[in-house]
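The sequence lines fix the lettering, A, B, ..., with proteins before strands; numbering per chain opens at 1.
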Protein chains: 2
Amino acid sequence: MLNSYSSADKVLLAVDCIIFGFDHQGLKILLIKRDFEPERGKWSLMGGFLKRDEILDDAAIRILNTYTGLHDIYMEQLHAYSEIDRDPVDRTISVSYYALINIENHNEELIKNYHAEWFSIADAPNLIFDHNEMVQHAIRRLRYRTSIKPIGFELLPEKFTMRQLLELYEAILSKELDKRNFISKINSLEILNKLDEKDMQSSRKGSYLYTFNKEKYEEKLLNDFVLNL
Amino acid sequence: MLNSYSSADKVLLAVDCIIFGFDHQGLKILLIKRDFEPERGKWSLMGGFLKRDEILDDAAIRILNTYTGLHDIYMEQLHAYSEIDRDPVDRTISVSYYALINIENHNEELIKNYHAEWFSIADAPNLIFDHNEMVQHAIRRLRYRTSIKPIGFELLPEKFTMRQLLELYEAILSKELDKRNFISKINSLEILNKLDEKDMQSSRKGSYLYTFNKEKYEEKLLNDFVLNL
DNA sequence: TTTTATTAATGTTGATTTTACACTTACTAA
DNA sequence: TTAGTAAGTGTAAAATCAACATTAATAAAA
């Protein structure tokens, strides 16, 4: 008798994505200006509804792809939000995901079409519904992840300087780090390849460029560790 | 126009609870034998459907209360599970919660009526749907929580011995801990009150009983720390 | 009453990790 | 040639962690 759940209430299930990027200005999130009611014209996370034949992870991937054109992005489920009136239209439960992307890689055109914009974490506008809370939650999770997994591959360009990596960690943890201690800790992880090439933008002397050593990096991703920065 | 979501699919939303307890045999979970189809007679987590006028946290509290009679229990949301056919009856997304309870406190009668039973983590039976995965996930989360928050208040009786606390941590982390190092680390947190009273069950000498210093304990709960055990 | 058996309680030391800290180098542009 | 700028590098003191064994208290048995 496959109808024993008939008395239970069905609800809408949404997925909202907190998309993190990083550039010289610091940690950023990608937001869109809603072009439908309610709250048309207000800023919002990127979201959508779960489809009947879709799992949550795929819905998150679909939504990210719709607004950025990106594939194969690191995403992680965060939390389900269920306040009764969180969405005034209909009872909607939202499951949030966060994604880490290389800010240079997204599709500019899509971003424009959707009235999307990157905002620094610090001066992001007020968001609709409970999206502010979702963002705060995502930042906490990202900070935690930083302490047990290496980070950077997803948020930095292919080639990057030590300073960029340092500033990324500083942005995520929102605290200053000691340059020498940071470098020696990162080096002890052995996840970087030092290139012969230098980046000449930042100084006359130029600073060496690095890439991630993908094998080592992924090995570290598998086994949690504690990285005290 | 409050009908713009009309095209989206609605789904059933369930809540499943992983209920942890602890006694001299170690870490346990509370399971019930399902008395309805599908999978009648199989072991399962305690679950139920989200009601239209209810938030997820409250649904979890309600479900826990239904099966144990307990109120005011530490619970934390874990994860949303959404595989298409995870429940063969109808498309159901389940949000899992885990709870920590004092195993002595539950209502025996309720447990009996529902055919519920405590199982050691190690030899719990196979569970329906994706409930095994939920349990594994909950154990990982519990382990993590142990490393950044004090634990015990919720799982131990009011008065307990150092040995009990040690064994609780050993059960959660599933590794042996050095007794002296453990005691000095716990003492350095200053979250325990040592009583004049002794427990005479365990030895001829008797061992001192402790209670948690609620204020200090909750202060530590607020501020994450790292407890390397 | 003495002995025995059992678990509780307790501190130290060496090893490791973390933190704090400042000068020299390399290069370009003036 | 000089001046200016960020890059690159090492050490020592402090804190924390990990390993380890003996004595104390008591009840039960002899």
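For the pair B:L227 CG and D:dA18 P, the interatomic distance rounds to 11 Å; values are reported in whole Å. One can place CG of B:L177 at 12 Å from P of D:dA19, the figure rounded to the nearest angstrom. Atom CE of B:M200 is separated from atom C1' of D:dT26 by 6 Å (rounded to the nearest Å).
Remark: B:E154 CD is packed, more than 12 non-hydrogen atoms of other residues, nucleotides or ligands lying under 6.0 Å away. The local environment of CG in B:D196 is sparse, with at most 12 non-hydrogen atoms from other residues, nucleotides or ligands closer than 6.0 Å.
Inter-axis angle, ends of the helix from C:dT1-D:dA30 to C:dA30-D:dT1, five pairs per end, rounded to 10 degrees: 10°.
Applying the ring-ring contact (aromatic ring centres under 6.0 Å, His included) test to every pair with at least one member in residues 178-200 of chain B, sequence neighbours left out, gives these pairs: B:Y169-B:F182.
Ring geometry for B:Y98 against B:F20 counts as perpendicular: the plane angle is over 60°, on a 0 to 90° scale with 30° as the lower cut. Taking the six-membered ring for Trp and thresholds of 30 and 60 degrees, B:F212 and B:F153 have ring planes more than 60 degrees apart, a perpendicular arrangement.
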Contact state string [nucleotides 2-13 of chain D, B base, S sugar-phosphate only, - no protein heavy atom under 4.0 Å]: --B-BBBBB---

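Qualifying side chain to side chain donor-acceptor pair (under 3.5 Å) partners for A:D58, counting only residues two or more places apart in sequence or in other chains: none. Under the side chain to side chain donor-acceptor pair (under 3.5 Å) criterion, A:N126 pairs with A:N132, sequence neighbours left out.
Between A:Y144 and B:Y144, the distance separating the two ring centers is shorter than 6.0 angstrom.
You can see that DNA chain C meets the heavy atoms of chain B within a 4.0 Å-exclusive cut from C:dA5 to C:dG11, reading 5' to 3'.
A:K194 forms no cation-pi arrangement with A:Y210, by the criterion of a distance under 6.0 Å to the ring centre and an angle within 45° of the ring axis.
No hydrogens or angles considered: nothing links the side chains of A:Y114 and A:D35 as a donor-acceptor pair under 3.5 Å.
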